[in-house]
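Shown next, in structure tokens, is the structure this report addresses.
All heavy atoms count here, side chains included; hydrogens, waters and symmetry mates do not.
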Amino acid sequence: MIGNDIVDLSLAKVQSNWRRKGFLQKIFSEKEQSFLLQKKESERELFVWLLWSMKEAAYKIVSRQEQRRFYRPAAFVCKVMEKTMGSISGTVTYAEESIATESLLKTGFIYTVAKNNEESLSLNLPDQILKLSISKNLNYNHLHEHTLAQYAKCKNEKIAGLSIQKCQLNIPFIFNQQTTERTAISLSHHGTYAGFVFN
Amino acid sequence: MSAPAYCSKDTVRNEYHCVLFKNIQMSDKELIELLKKIVKPYIQNEEGFAQLSESTHLIDDLKINSANLVDVVLDIEDAFDIEIEDDAFENMLTVKAAMAVITEKVAAK
């Protein structure tokens, strides 16, 4: 299964005050808090949102598996492993399940994909990101169209019969009208960035 | 876009104490009004907010950003002088669930 999460860093700056009393304690374990404290002051904000996006991406897998929605960020424990060519790999542990993550850190955003199987992704991380223009901000149709076009291309399927639908829990999947096949996808949108991922 | 108005919690806190002074116990209606003031700085869907009721979902209907749910929990704690631990806020995704947690925590004080 897959899950993803994108954080628009300039929007996060105005939307959230992570320095407020109690904020970090509510979402991070003590280990994660000391990991953050070890970071240089100038880098700390970036790492706050890196860990946050890892937790969110992993949550999407767990939510799909358990077929329920809940809010317990501190139960998703992040470990940042290594920095390779432009991306950061890590793991998120939830209730003894270990979920692998890969994150991209760019000037304007952080993007994380979580996976709990060996299946490879159809697209590289950078190709899963859509930069929205201000006018298209919050326009989900645009994200859906783009995702379907990329999916059709990767899978060599006709786009005509494909649609993005959501289950009762609001979890999205691609539905193929011809074959009635459903493929799990994960979508994330924040500010002027959006990300989509499928196997 | 302006920064969230965290200061609103002081108003809510004062109003909460006024409610208690009058009634000793809050009615559901009074509680919903206080909750409305708490979530207002974080909502991104005015329509959902205008129709806010017990069944309103904080993420689906009000489009509150998931990182801002932490702020909602912290603001509730401040306004009602309660502590909400992980077990309690895990399911606080609807107005109804938030009301239940607040009522329970306030009663246990």
Within one Ile-Leu-Val-Met-Phe-Trp-Tyr cluster: [X] and [Y], side-chain cutoff 4.5 Å:
X	Y	result
I171(A)	Y71(A)	no
V72(B)	I82(B)	yes
Y42(B)	M99(B)	yes
F173(A)	F198(A)	no
F70(A)	I76(B)	yes

Which atoms of R68(A) are under 4.5 Å from chain B, going by heavy atoms: the side chain, the backbone, both sets, or neither?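 When you check distances to chain B, only side chain atoms of R68(A) fall under 4.5 Å.
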With only heavy atoms counted, which part of K55(A) is less than 4.5 Å from chain B, the side chain, the backbone, both or neither?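 Neither part, no heavy atoms under 4.5 Å.
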With sequence neighbours left out, what residues match E104(B) under salt bridge (Lys or Arg N to Asp or Glu O under 4.0 Å)?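 Applying salt bridge (Lys or Arg N to Asp or Glu O under 4.0 Å) to E104(B) gives none.
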Take atom [atom1] of [X] as the centre, draw a 6.0 Å sphere, and report whether it contains more than 12 heavy atoms from other residues, nucleotides or ligands.
X	atom1	value
K158(A)	NZ	no
Q165(A)	CD	yes
K21(A)	NZ	no
K79(A)	NZ	no
K36(B)	NZ	yes

What's the shortest heavy-atom distance between D78(B) and R20(A), and which atoms? OD2-NH2, 3.9 Å
Does anything in residues 85-93 of chain B reach chain A? List residues with heavy atoms under 4.5 Å apart, or say none.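 Those residues of residues 85-93 of chain B which have a heavy atom under 4.5 Å from chain A are D86(B), D87(B), F89(B), E90(B), N91(B), L93(B).
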Could you list which of residues 55-65 of chain B have a heavy atom closer than 4.5 Å to any heavy atom of chain A, in residue-number order?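 Against chain A, the residues of residues 55-65 of chain B that fall inside the cut-off (heavy atoms, under 4.5 Å) are H57(B), I59(B), D60(B), N65(B).
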Using 0.5 Å steps for rounding, measure from the NZ atom of K26(A) to the CD atom of E77(B). 3.5 Å
What residues of residues 27-52 of chain A sit under 4.5 Å from chain B when you count only heavy atoms?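 The residues closer than 4.5 Å to chain B, in numerical order, are I27(A), W49(A), W52(A).
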